[in-house]
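Chain identifiers are assigned alphabetically (A, B, ...) following the order of the sequence lines, protein sequences preceding nucleic acid strands; residue numbering begins at 1 within each chain. Please read all numbers here as calculations on a predicted model, not as lab measurements. What you see below is based on every heavy atom in this structure, not just the backbone, and it leaves out hydrogens, waters and symmetry mates.
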Amino acid sequence: MAESVYLKLVGARLRGQMSYRTSFLLQCVAQAINQLAELAIILVLFNRVSALGGFSVAEVVLMYAIAGTAFGIADMVAGQLDELPTYIRTGTFDVLLLRPLGTLAQMMASDLHLRKVGRIVAGLVVLAYALSRNDIAWSAGTVALAVLAPVSGAVIFSSIWVTANAVCFWVVDGQELANTVTYGSNAFTSYPITVYGPWLRRFFAFVVPGAFVAYYPSLALLGRPDPLGGPALLGWISPLVAVAAAVVAGLVWRTAVRHYRGTGS
Amino acid sequence: MRAYVSLALAGFRRYSTYRQAMVAGMATNVAFGLLRMAVLVAAVGQAPIAGYDVAATTTYVWLGQGLMAVVVLWGDKQLADRVRSGDVVVDLYRPWHLQSALFAEDVGRAGYAVLVRLAPPVAFGAVFFPFRWPGFGTAPVFVISVALAVAVSFGMRFLLNATTFWLLDNRGVQALYTALTWLFCGLAVPLAFFPDWALPIVWSTPFAAMLQAPIDIFLERGSPWPLLAAQGFWALVVLAVGHLVLARAVRKVVVQGG
Amino acid sequence: MIEVRELRREFTVTTKVGRFRRERRVVRAVDDVGFEVAAGEAVGYVGPNGAGKSTTIKMLTGILVPTSGFVRVCGVDPARRRRELARRIGVVFGQRSQLWWDLPLRDSFELLRAVYRVPKADYASRLRECVDLLDLGPFLDTPVRQLSLGQRMRGEVVASLLHGPELLVLDEPTIGLDLESKERLREFLADLNRERGTTLLLTTHDLDDIERLCPRLVVIDRGTVLADGALDELRAEVAPERVLVVDLEKPAELVGLPGVRSSRVESNGLRHHLTFSRDTTAAKVISAVAAQAEVHDLAVVEPEIDDVVRRLYARR
């Protein structure tokens with residue numbers, strides 16, 4: 001019953017966004033171009049080099065495709081959390097609190113960024129291509145991983161989005177810092193983590209669990225050992241990391257909303 | 001003219017009030033610079049690409065990080081929002097030329113951005129990483145090139161915003177513009193990295209005049225004059241087209257009453 | 001219906017001192033507020049800007065948690081049981097919308113039906129009734145962004161009533177509306193209170209709202225309750241004067257008007273501002289004026305609610 005409410009909210013968004021049809025279609029196209037532009041950049045680089053951080057073009061494209069698809073899904077579901085400062089400033093957040101539903105679910109459902117579909121579709125196309133171009137030992141395990149990796153990645157990205165933006169409940173100008181973490185982790189995860197220096201890697205791979213979005217799952221799919229010496233198991237635990245990240249994000253959001261309402265401050 | 005100078009100064013002051021946002025913006029800027037630099041250095045570290053060695057690449061990255069806020073590389077919505085809300089009527093009936101007034105304001109904004117957005121990442125890059133400073137003779141040429149880049153960027157954004165006079169919702173056009181800029185202005189990879197067959201194409205867009213041109217002048221990659229000529233050409237074209245479009249838009253607003 | 005005792009709410013405000021130092025200060029937005037509203041009442045909650053009205057409303061609706069004190073709305077602690085309370089009360093904010101701006105009104109209503117899980121039959125009958133009374137029929141299929149402010153506000157009120165709340169809280173519902181929209185809305189709300197027994201609590205700056213809707217008034221300023229009682233009583237108590245503005249056909253001097261305490265003359269004797277006390281009526285003053293000169297136009301200016309509050313405050 002409760003789920004159907006959210007479905008209805010999503011459906012309403014669909015109708016609302018479609019009311020400017022040309023603009024909506026253009027935005028979808030722009031999102032797809034955005035996604036493919038990132039691919040183009042990788043191809044341009046590999047036009048001049050044969051390996052990046054010890055990985056071939058097909059391997060890097062695989063990582064990028066998983067990360068790009070995951071980010072596209074997360075951006076669609078959680079991207080409107082970027083609007084949180086506006087919600088707070090204009091009092092729209094208060095309106096959400098006046099309804100008999102959870103605030104996070106309402107924010108996500110009531111302003112779904114459907115135009116991101118363009119990005120997701122482009123990401124999936126590239127992913128299919130990358131999977132076919134790499135030498136993958138297909139088994140039940142790798143098939144499951146190929147499906148689960150973008151989904152877990154999306155959950156991880158969404159959790160990052162929620163956690164980072166919750167800062168805005170405390171710091172009014174926290175938006176830019178939140179963006180550094182959300183969009184920064186997207187930029188980070190599209191390439192093998194071997195290209196980054198130790199500090200960037202520590203932060204974006206493990207504090208923010210970015211390495212579990214694309215890097216480790218790709219290693220497992222490719223059957224390659226981690227050049228950085230991590231155990232092979234890391235490639236298979238992304239779904240668990242995703243669940244953990246979601247739990248943390250949920251707790252952070254709850255604390256943040258309690259702070260906003262003035263409990264215990 | 002006096003009025004436009006005041007507008008430029010006001011633009012400078014307006015942006016200087018957002019100090020906290022600026023500090024946060026700087027942190028973001030540095031983080032993205034580090035991420036971009038890591039990928040590119042991983043590529044050129046093996047062997048220089050198209051004349052870019054490690055020092056040229058880090059200079060390219062930090063200069064790009066700084067310039068992208070001076071030469072705004074994404075669409076802005078201020079005018080578009082005013083058109084949609086109808087407030088633009090007020091702007092149109094003021095005793096100024098709207099495009100020139102907004103340009104003056106943008107020049108002020110860019111001047112402020114040079115101080116707080118360009119200088120810090122460049123300083124950061126120069127202190128912590130190999131950095132290639134140009135000769136003294138290049139400095140004034142670089143300044144002119146940045147000014148022309150701002151003019152081209154402003155002209156493009158003005159045109160973009162002006163589409164709102166005809167399209168109620170121009171977000172689609174905005175998004176398309178941002179995607180194209182990002183790919184073709186030379187922010188993600190130096191344009192020189194593109195395959196040889198693509199070079200004539202990527203160099204002939206106005207996007208190249210917005211970022212890659214001043215960077216190449218700073219790095220002293222060949223003669224600056226063809227680059228400046230191309231920038232001047234694009235600045236004239238986009239500003240002139242903007243002027244014509246505005247005239248059409250005014251007639252439309254006057255006839256239809258908004 | 002509403003029970004509030006010793007309600008307090010503090011905010012920490014950081015202000016800049018000099019260039020870099022910041023000072024943290026605790027501000028009491030609501031300080032020891034107490035009142036009760038019985039079921040079926042209609043109460044105006046008034047006070048100047050920054051008096052603590054909105055903060056109180058936010059605590060009553062569960063958006064904000066009180067720093068201390070006792071609140072019960074519909075027998076429920078709003079802070080602890082926000083979602084349960086949300087199903088039983090309706091809230092209208094004059095300056096923020098609960099409708100989906102790019103959807104037709106009807107779709108927004110449908111969505112809210114789902115959000116509040118209103119049975120189909122109840123929804124249909126309530127919607128029909130509200131739409132008829134507020135004359136919203138022609139706009140049901142218009143996207144909210146294309147509605148005028150008056151139409152939108154009527155939509156907001158309907159939206160907050162679809163789940164049949166026992167209590168309707170309105171924060172500045174008539175702000176910015178044209179006279180006709182105001183009138184229609186007041187009529188509807190008065191009806192709602194009388195016929196359906198829905199309890200009303202509204203904040204407003206418009207004295208006419210109070211006059212038409214609220215037999216009782218709670219006046220708050222600087223976070224505390226200044227007065228609680230009927231409007232006429234309060235007004236008589238502080239006795240602010242009203243002003244009659246008359247435009248004459250020809251310049252004239254007016255003398256010996258009953259109850260007029262002071263007068264101010266403008267436009268070379270064409271316009272007179274006549275301040276008169278409560279012990280006379282506007283009609284008496286007007287007829288006295290008409291006896292002396294030919295009247296072109298006239299208006300009676302009521303004291304602003306802020307004025308009443310200021311006097312109440314000064315009296316303390």
- Message: Please classify the contact of A37(A) with chain B as side chain, backbone, both or neither, using a heavy-atom distance under 4.5 Å.
- Response: both
- Task: Considering only NZ, NE, NH1 and NH2 on the basic side and carboxylate oxygens on the acidic side, decide whether E59(A) and R224(A) come within less than 4.0 Å.
- Result: yes
- Item | Distance-minimising heavy-atom pair for A74(A) and W161(A) | C-CZ3, 4.0 Å
- Message: Give the interface residues of residues 189-199 of chain A toward chain B, defined by a heavy-atom separation under 4.5 Å.
- Response: Y191(A), V195(A), Y196(A)
- Side chain / backbone / both / neither for F32(B) at chain A, heavy atoms under 4.5 Å: side chain
- Nearest heavy-atom approach of F71(A) to T182(A) is CE1-O, 4.0 Å
- Message: Given heavy-atom pairs under 4.5 angstrom as the criterion, report whether the side chain, backbone, both or neither of V44(B) touches chain A.
- Response: neither
- Relative to chain A, which of L176(B), I49(B), V39(B), L34(B) shows the most heavy atom pairs under 4.5 Å? V39(B)
- Contact origin within E38(A) toward chain B - heavy atom pairs under 4.5 Å: both
- Backbone of A80(B) reached by a side-chain donor or acceptor of N161(B) within 3.5 Å: yes
- Message: If you count heavy atoms of other groups shown closer than 6.0 angstrom to OH of Y129(A), is the number above 12?
- Response: no
- Note on the structure: Heaviest contributor of heavy-atom pairs below 4.5 Å to chain A, chosen from P195(B), A175(B), G45(B), A198(B), is P195(B)
- Message: Heavy-atom pairs under 4.5 Å with chain B - which of F24(A), Y183(A), F46(A) has more of them than the others?
- Response: Y183(A)
- For residues P214(B) and Q231(B), report the shortest heavy-atom separation together with the two atoms involved. CD-NE2, 3.6 Å
- Message: Parallel, tilted or perpendicular: which one describes the rings of F206(A) and F212(A), with boundaries at 30° and 60°?
- Response: perpendicular
- Item | N47(A) versus chain B, the contacting section by heavy-atom distance below 4.5 Å | side chain
- Note on the structure: The interface call for L35(B) against chain A, heavy-atom contacts under 4.5 Å, is both
- Answer whether the closest heavy-atom distance between the side chains of L67(B) and L73(B) falls below 4.5 Å. no
- Message: Would R157(B) pass as a cation-pi partner of Y177(B), given that its NZ or CZ must be under 6.0 Å from the six-membered ring centre and within 45 degrees of the axis?
- Response: no
- Task: Pick whichever of R48(A), Q35(A), Q175(A), R115(A) has the most heavy-atom pairs under 4.5 Å with chain B.
- Result: R48(A)
- Item | F204(A) versus chain B, the contacting section by heavy-atom distance below 4.5 Å | side chain
- Message: Ignoring hydrogens and geometry beyond distance, is a side-chain donor-acceptor pair present between R117(B) and Q65(B) at under 3.5 Å?
- Response: no
- Taking every heavy atom of D75(A) against every heavy atom of H113(A), the minimum-distance pair comes out as O-ND1, 3.9 Å
